[in-house]
Amino acid sequence: MATMIQAIRMALHVGESKLGVTDIFGEDVGPPLGGVFTGTQGLETAWNTPLDERGIVGMAIGLALAGRRPVAEIQFCDYAFNTIDLLKIAGNTYWSSGGDWNVPLVVMTPVGAGIRGSIYHSHSFDGMATRIPGWKIVMPSTPRDAFGLMLSAIIDPNPVMYLMPKALLRIKNQPGEELGGEPADDKTLSQMIDAPLGDRSAWKPKWPELEELYIPIGKARIAREGTDVTVLTYGRNVQMSLAAAEELAGEGVDTEVIDLRSLHPYDWDAIKASVRKTNRVLCVNEDTEITNFGEHLLRRITEELFYELHAPPKLLAGAHIPGIGLADNLEMASVPQRADIKAAIEELAHHEP
Amino acid sequence: MATMIQAIRMALHVGESKLGVTDIFGEDVGPPLGGVFTGTQGLETAWNTPLDERGIVGMAIGLALAGRRPVAEIQFCDYAFNTIDLLKIAGNTYWSSGGDWNVPLVVMTPVGAGIRGSIYHSHSFDGMATRIPGWKIVMPSTPRDAFGLMLSAIIDPNPVMYLMPKALLRIKNQPGEELGGEPADDKTLSQMIDAPLGDRSAWKPKWPELEELYIPIGKARIAREGTDVTVLTYGRNVQMSLAAAEELAGEGVDTEVIDLRSLHPYDWDAIKASVRKTNRVLCVNEDTEITNFGEHLLRRITEELFYELHAPPKLLAGAHIPGIGLADNLEMASVPQRADIKAAIEELAHHEP
Amino acid sequence: MSSSSPTPIRPATAGRLPAAQCLQLYDVMLRSRLLEERLITMYKQGDGYFWIGGPGEEAFNVPLGFLVDKGSGIDHDYLHLHYRSSGTLLAMGADPVDSLRQMKNVASDPYSKGRNFAGHFSVRKWNVVPVSSPIEVQFSIAIGTARAQRAGTGAKGITIVQGGDAGTAEGDFATALIWSSRKGQELPMLMIVTNNRYGISTPYAGQHGYDQISERGKAFGMPTAVVDGNDPEASYIAIQRALDYVRTERKPYLLEAMVSRLRGHSSASGANLAKDEIDCLQKFETTLEERQLMTRGQIEELRKKYTRELGEASTRVKEEAPPTPESIWEHVFADKNLVGGET
Amino acid sequence: MSSSSPTPIRPATAGRLPAAQCLQLYDVMLRSRLLEERLITMYKQGDGYFWIGGPGEEAFNVPLGFLVDKGSGIDHDYLHLHYRSSGTLLAMGADPVDSLRQMKNVASDPYSKGRNFAGHFSVRKWNVVPVSSPIEVQFSIAIGTARAQRAGTGAKGITIVQGGDAGTAEGDFATALIWSSRKGQELPMLMIVTNNRYGISTPYAGQHGYDQISERGKAFGMPTAVVDGNDPEASYIAIQRALDYVRTERKPYLLEAMVSRLRGHSSASGANLAKDEIDCLQKFETTLEERQLMTRGQIEELRKKYTRELGEASTRVKEEAPPTPESIWEHVFADKNLVGGET
Ligand SMILES: Cc1ncc(C[n+]2csc(CCOP(=O)(O)OP(=O)(O)O)c2C)c(N)n1
Ligand SMILES: Cc1ncc(C[n+]2csc(CCOP(=O)(O)OP(=O)(O)O)c2C)c(N)n1
Ligand SMILES: [Mg+2]
Ligand SMILES: [Mg+2]
């Protein structure tokens, strides 16, 4: 069973061997390292860039304009904030040129907290990304989705931001969620595709024959069906919300967990249907809470489904402070934890109008 | 009666002559031009920078750390998007250093549509700015507030973002709103402080003796009292909302218009009091509508004042598209116009629960 | 209005081009100048909200347009221009009426459908990537098309990127220098700085620690040159030399052209005639007269003809339909991969 | 644990420093090395989440610390360092226990109150501005403290900014070059590049179009130098020369130091000993032995003593209280203008 980072790597392999991906690049993305999270080990078209995020994004745009299929990595989303103007250009070129030039590229970048990454390795990027029109934005919460969303991102003719939930990169697929073609045994897979320690100059991966899988951009996944409360979330918080929901199931609260998977465009139909069913909604993410993407979702829900709501809709998000501190206490107090999610669901479930 | 841009210039003069401002700088900020909107003409400490916004923001931070009082200009907020990481550093340095170094600086930048500025001179910055913790953010809608907010920004020991509503830079104070000390006659003021056309090398302004006025950061202004609907807005949309409110007054709808003036921290008490009174709320701004600061306000209102709301709260914001097009039709369809505001207020006022 | 194709003949006299070619250059320089003047008139008459353009850069930009390997895809040159490039576009064969359309922001504007300012070209079929207003970002983007051309198909296509002098202070200029000169990974890219000694109001002096922008290239081991951008023949030769190098060596080259800014920065600064700048068009007219290639009468004749044509065109353009309000929603997302060859 | 103040005496032999000074440098180099080793041990034992630091850079960073004009405000030097600067801080007199506190992210960490990674110093009373993780931004910020010092009070205070080799590809490095060298507006700023020939995993070769980073300074008309950063005497002399120039001329200087990366990039790459790098400490020990300034026995003695002290200190630090959850809300906004002199 592949981990999420292995699934991403395998998707990139499918990308370069079958879908026309020509360039996979970023800081430490090429040999010998293959990415600080191993996401690009052994890939044919992976190469190292200078330490210059603006160059990386510019390079991606230029390659795309020249008809190539680039996948660029920003090593941590924390280091993408000097490129927002270029990301905006990727998002506006098709529109500004009146449909003359599209910009098909993928930018992938690890996001979020959960690894004691301190101030500059804990950032979220969903708030920022959803503020940049012209991009599609996806964020997997399982290895299977990670694989399928990457393939969809690669073949999309638009710029696609692929947010990798840092804390989930080592989680494994659930049984039944295997990728078609992956070896049943973890160790076998690892021996095939993980670079060895030490000298790697002679190493070559043996890629399994993988079935192509396309998770459509714009479609949410009902991660757990329920009737009492809707939780709208994505990435790392999906797993936390599911765990909270399981705990609450024992206490008689039946939670529906929606994994958005795509932040833009997002699956309004799925959201609407769920809110109509449960009449109570919680939105969970890790980004800072002022001008947060969850606030968009809740604002729209409130505007369009006001009379469906049996309790004030709720946002659980990151503290609105300048960073996420290193110490356990600090990180835990700064972004939603399972207990916080559980408490918020409970409060909604028991709210008496 | 000073225009808003004259009021800003006079505030900067008070800043450099009385409040310790040491450096006013940016592209074309110094002589001979004195700013593309004339905001820095004749100032003693104004100087021109290289064409490098990262350098401008970095310079401001460095000057602040060295105990100086810088006011930096980004010529158009449209060109600040390559500096978000540095703006984040200005906002996190005090926090990251555990209170060791504060960063007292002002960044001023023109924002918004209304002058047919096309794709890159029509941006809003409120959505972005409110996503950067550690900054105070202000935005005047009258010359008087422009003056008083600038003085407050200058003496604040934190980074303050001063958003200048481009479309209002030439509006004048209402009678009764004069600045203490400004000449009664526009022409006299202009002769005193506006740089002449042609050669300016010998020109020196004659500054009026102005009274200091501090509009407190964090305090809203009730621009119009009303009982039926609350409009939460700022900058350019204040004037539009007031005009819409006046039209509606004739039709029996009594609108309260709150000019936030400070976007962070914002005046929650004023908002709460107004929503409790009118039970209907509209938020208006020009920024793109997904992950918009108005959505934060509405989310909080919905969470905390759910049972006070007699109609679904509403956001009127910029279209979520990659730019604001040049042609009249395009700009008008992209950001709220007076008629849109009027229609939205009406809808809220007439909504039957 | 049409344009003829270039005749790249080596000059007979050192620093001189053959007569036919001079006339050809002059023809487009004149049309380019008159186009800008027409755009300024439109602005002043309220038929457009903003003007920016290239009067004073024709002697450099027109030769550039003639020397471009024009076409679509990596076998041809990519152009990452800025907002003073009408001369280049006209030399490539653009129809001036399309510039008028963009000025008037009508729906038929082929460069942006009425969305963008004058001078913001986009021509995919000729590899002219969209001009965008933020200064210098084209230098960060150009490395991408250049990299796509590096591996090469044996064709001579390269990337050409151009910007102003003040803009080189942005980090993007350094990005282009760094990425294009990595050892063993050099990029086939001609970087052009059109130096008019101003950034809006800010003079060159006191803004730079070097006398010429081209000095910035030296640390990176790339050839550099400075050319008198008011001399179309010198410019043609300098551009040709630079292009030859980049096409053949597949390595970067930094070319600086000293040019004039004849109408100030843009309409924001009045768009009035600058009296203290060399006018390359007038200068070239004198040269042509001296060499007896044209008479004053012929020059006046041609000027009148083009002026009339442009006047008529602008009258027609004013009648064209504006974009509809709903059109703002068009082209947010692409359904097809146009740059990838889908149609 | 204490530190003594510098004795800036001119060397007797060319390229050599007086004995007393060598011993003083060695003492801090050793303590600095042992501090980093202690931090790595803490990391490996689970008493910290991440390690990054300067083993291999002591021979350069320690002399730098001794040569700083230490103090508060524009009359003294501002330091904009990166995350390998413990040697500099110790030479300035920092208490190593504070580094242990930051490693263990306890509330008493004076640099960040348990918020930031190891090596992220902040000492306002000594003008050490907060080290922040994003590479190279310090170069854009340093121009501001340098400008504040330009006008000058007659004092010799300057700005020192330091970063790695790979990071010079960021536009911020170019920003510092450009802003510091504007004619007539030069900034008193020493730019230091500590070149260990790596950015995480990416080797220098193939990433740069020049053999030495210092070549980048030449176009800007500033003096540049490359020094063997594994030689503390050569480093001391080179830094002193550079500082003299900047203090006196009030103009920029670019100094590149070739250094080693003895424990890899950080704990993320294992923090294991690199076998193929020169160890400046070992080398200097040999020198001291050869010059009969220390015996092997004395060296071992000193090493043991400091190792013990650091071990004890880390034991104490482990007992210190973590920051409280509520403390995340502290220091979002300042009430006082500390940098402006309010207390
Ligand atoms: C990133 C950015 N900052 C600021 C501006 C505003 N601006 C437009 S043109 C200009 C001056 C450009 O000078 P230069 O690069 O020399 O080009 P020129 O206009 O002289 O040809 C400025 C500051 C901009 N368009 N983009
Ligand atoms: C802006 C930014 N991009 C990426 C990173 C991740 N990162 C941390 S250290 C490093 C390599 C730095 O190399 P160099 O500048 O040579 O300094 P060294 O660590 O070798 O001393 C990278 C890529 C970062 N911290 N900041
Ligand atoms: Mg210029
Ligand atoms: Mg390095």
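Within every chain, numbering begins at 1; the chains are lettered A, B, ... in the order of the sequence lines, protein sequences first and strands thereafter.
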Engaged part of [X] at the chain D interface, taking heavy atoms whose separation is under 4.5 Å:
X: B:I56; result: both
X: B:T49; result: both
X: B:N82; result: neither

Measure [X] against the heavy atoms of chain B and call it side chain, backbone, both or neither at under 4.5 Å.
X: D:D335; value: backbone
X: D:Y111; value: backbone
X: D:V161; value: neither

Item to check | Step-by-step side-chain contact (heavy atoms from CB on, under 4.5 Å) determination, D:R147 to B:W47 | outcome: CA-CA 12 Å; D:R147 176 136 184 140; B:W47 52 274; 3.2 Å; yes
Best-contacting candidate, [options], against chain B by heavy atom pairs under 4.5 angstrom:
options: D:N116, D:V128, D:D109; answer: D:V128
options: D:G73, D:S112, D:G114, D:S72; answer: D:S112
options: D:K125, D:K113, D:R182; answer: D:R182
options: D:T175, D:I141, D:V332; answer: D:I141
options: D:T159, D:N127, D:T145, D:V123; answer: D:T145
options: D:Q185, D:H80, D:K336; answer: D:K336

For the backbone of [Y] and the side chain of [X], can you confirm whether one donor and one acceptor N or O come within less than 3.5 Å of each other?
X: B:W95; Y: D:I328; answer: yes
X: D:N337; Y: B:P157; answer: no
X: B:N102; Y: D:L338; answer: yes

Considering only heavy atoms from C-beta outward, does the side chain of [X] approach that of [Y] to under 4.5 Å?
X: D:E330; Y: B:Y94; result: no
X: D:P130; Y: B:W101; result: yes
X: D:R115; Y: B:S96; result: no

Between [options], who has the most heavy-atom pairs with chain D when the cutoff is under 4.5 Å?
options: B:L65, B:D100, B:L63; result: B:D100
options: B:G67, B:G134, B:P133; result: B:G134
options: B:A90, B:P159, B:G99; result: B:G99

Rounded to the nearest 0.5 Å, how far does [atom2] of [Y] lie from [atom1] of [X]?
X: B:R54; Y: D:W179; atom1: CZ; atom2: CH2; value: 12.0 Å
X: B:N92; Y: D:S132; atom1: CG; atom2: OG; value: 7.0 Å
X: D:I143; Y: B:M59; atom1: CD1; atom2: CE; value: 4.0 Å
X: B:T93; Y: D:H331; atom1: OG1; atom2: NE2; value: 13.5 Å
X: D:R124; Y: B:S97; atom1: CZ; atom2: OG; value: 8.5 Å

Next on the checklist: Tell me whether B:K272 at atom NZ has more than 12 heavy atoms from other residues, nucleotides or ligands lying less than 6.0 Å away.
Outcome noted: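 Yes.
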Item to check | Crowding at CD, B:E304 (>12 non-hydrogen neighbours, <6.0 Å) | outcome: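 Count over threshold, so yes.
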Next on the checklist: D:I178 vs B:D52, test: side-chain contact (heavy atoms from CB on, under 4.5 Å). Steps then yes/no.
Outcome noted: CA-CA 10 Å; D:I178 289 166; B:D52 173 16; 5.9 Å; no
Item to check | Test log, rule side-chain contact (heavy atoms from CB on, under 4.5 Å), inputs B:V103 and D:V339 | outcome: CA-CA 8 Å; B:V103 187; D:V339 297; over 6 Å; no
